[in-house]
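Structure first, commentary second.
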Amino acid sequence: MNNRHLRRIAVTVSAAAMLPLALTACSSDDSSSSDSAADKPASSAPAKETEPMDEPFGPGCATVPKEGAGSFDGMAQDPVATAASNNPALSTLVTAVKQAGLVDTLNSAENITVFAPTNDAFAKIPKADLDKLLADKAGLTKVLTSHVVGEKLTPKQLEKGSFDTLAKTKLTTSGSEMSYTVNDSSKVVCGNVPTANATVYIVDTVLMPAS
């Protein structure tokens, strides 16, 4: 056997001996690479845009019954005048609506918004003036219909809005998130309340149209 042949054998044996070491090194590199990737925190998903409010909101909502016909779920099943009659905080409004003969008008209207004054809102009117208003059907009708807009309004639309009412008057709104003012004088205390045919915003002051 000549020297050249012996050198070939030696090179082959040496290469065979190095192969397991190379494979081990590669495996180690892959493992550390995998571990490094696992250690990295997952990138956080982009924050979702704020969804428009689709639930009732406002401090006055706490006075709404939790269950029964006067609850939010109950009011959603009835047309607006009937729904209001089941809410104890709106009993004076309901009396006024009946006095003006507007129950059927409001219950049969489609897709309207009602800005509903609370009992406390009516209590701000001197009793003599309120009694006089309740006795004047034409005047009472104008006051009540000035609280009604002929479309369903979302909270977003109230941020800077101007709307025609059923009384042919203008109703303006301003604010954001859960704080809205109507006609620069009346605050929404419980907003975005659904009924079968209307969206209701309960307000703390009666909206008196200009004479």
Side-chain angles (χ1 to χ4, degrees), residues 52-125 130-131 133-158 161 163-169 171 173 178 180 182-183 186-209:
M53 285 182 292
D54 58 1
E55 298 290 334
F57 62 87
C61 293
T63 66
V64 175
K66 302 300 181 186
E67 55 186 29
S71 66
F72 290 130
D73 288 341
M75 291 179 71
Q77 306 304 313
D78 292 320
V80 64
T82 302
S85 70
N86 293 319
N87 187 323
L90 300 177
S91 59
T92 305
L93 172 63
V94 171
T95 297
V97 168
K98 290 178 179 178
Q99 193 80 5
L102 292 174
V103 173
D104 290 341
T105 299
L106 294 177
N107 277 348
S108 61
E110 295 183 2
N111 298 323
I112 59 175
T113 296
V114 177
F115 292 86
T118 62
N119 295 343
D120 289 341
F122 280 99
K124 293 179 181 180
I125 302 173
L130 180 58
D131 290 343
L133 178 63
L134 292 173
D136 177 6
K137 186 174 181 179
L140 183 59
T141 297
K142 183 173 183 179
V143 168
L144 294 176
T145 53
S146 71
H147 290 72
V148 184
V149 174
E151 61 178 302
K152 283 190 176 182
L153 301 177
T154 66
K156 185 70 175 175
Q157 288 175 280
L158 301 191
F163 311 99
D164 293 325
T165 71
L166 298 192
K168 309 301 182 185
T169 59
L171 182 148
T173 58
M178 294 192 296
Y180 297 96
V182 185
N183 285 2
S186 190
K187 302 290 186 182
V188 174
V189 296
C190 183
N192 209 30
V193 179
T195 72
N197 68 323
T199 298
V200 176
Y201 291 89
I202 300 174
V203 296
D204 69 356
T205 304
V206 177
L207 309 175
M208 302 299 290

Backbone of G74 reached by a side-chain donor or acceptor of Q77 within 3.5 Å: no

Heavy-atom donor-acceptor pair, N197 side chain to P79 backbone, under 3.5 Å: no

Main-chain N/O of L153 paired with T113 side-chain donor or acceptor, under 3.5 Å: yes

Least distance between heavy atoms, T165 atom then S146 atom: CG2-O, 3.4 Å

T82 and its side chain to side chain contact (heavy atoms under 4.5 Å, CB included) partner, picked from T195, V103, N107, L106: N107

Check: P194 and T199 side chains under 4.5 Å, non-hydrogen atoms: no

Heavy atoms from other residues, nucleotides or ligands near NZ of K124 exceed 12 (cutoff 6.0 Å): yes

Taking every non-hydrogen atom, the tightest pair across I202 and T118: CG2-CG2, 3.3 Å

Under 3.5 Å donor-acceptor, N119 side chain and S91 backbone: yes

Side chain proximity check, Y201 to S186, heavy atoms < 4.5 angstrom: no

N/O donor-acceptor pair under 3.5 Å between Y180 side chain and P155 backbone: yes

Shortest non-hydrogen contact from K187 toward D204: N-OD1, 2.8 Å

Atom NZ of K98 with >12 non-hydrogen neighbours under 6.0 angstrom: no

T141/T145 under side-chain hydrogen bond (donor to acceptor under 3.5 Å, both in side chains): CA gap, chis, key distance, verdict: CA-CA 6 Å; T141 297; T145 53; over 6 Å; no

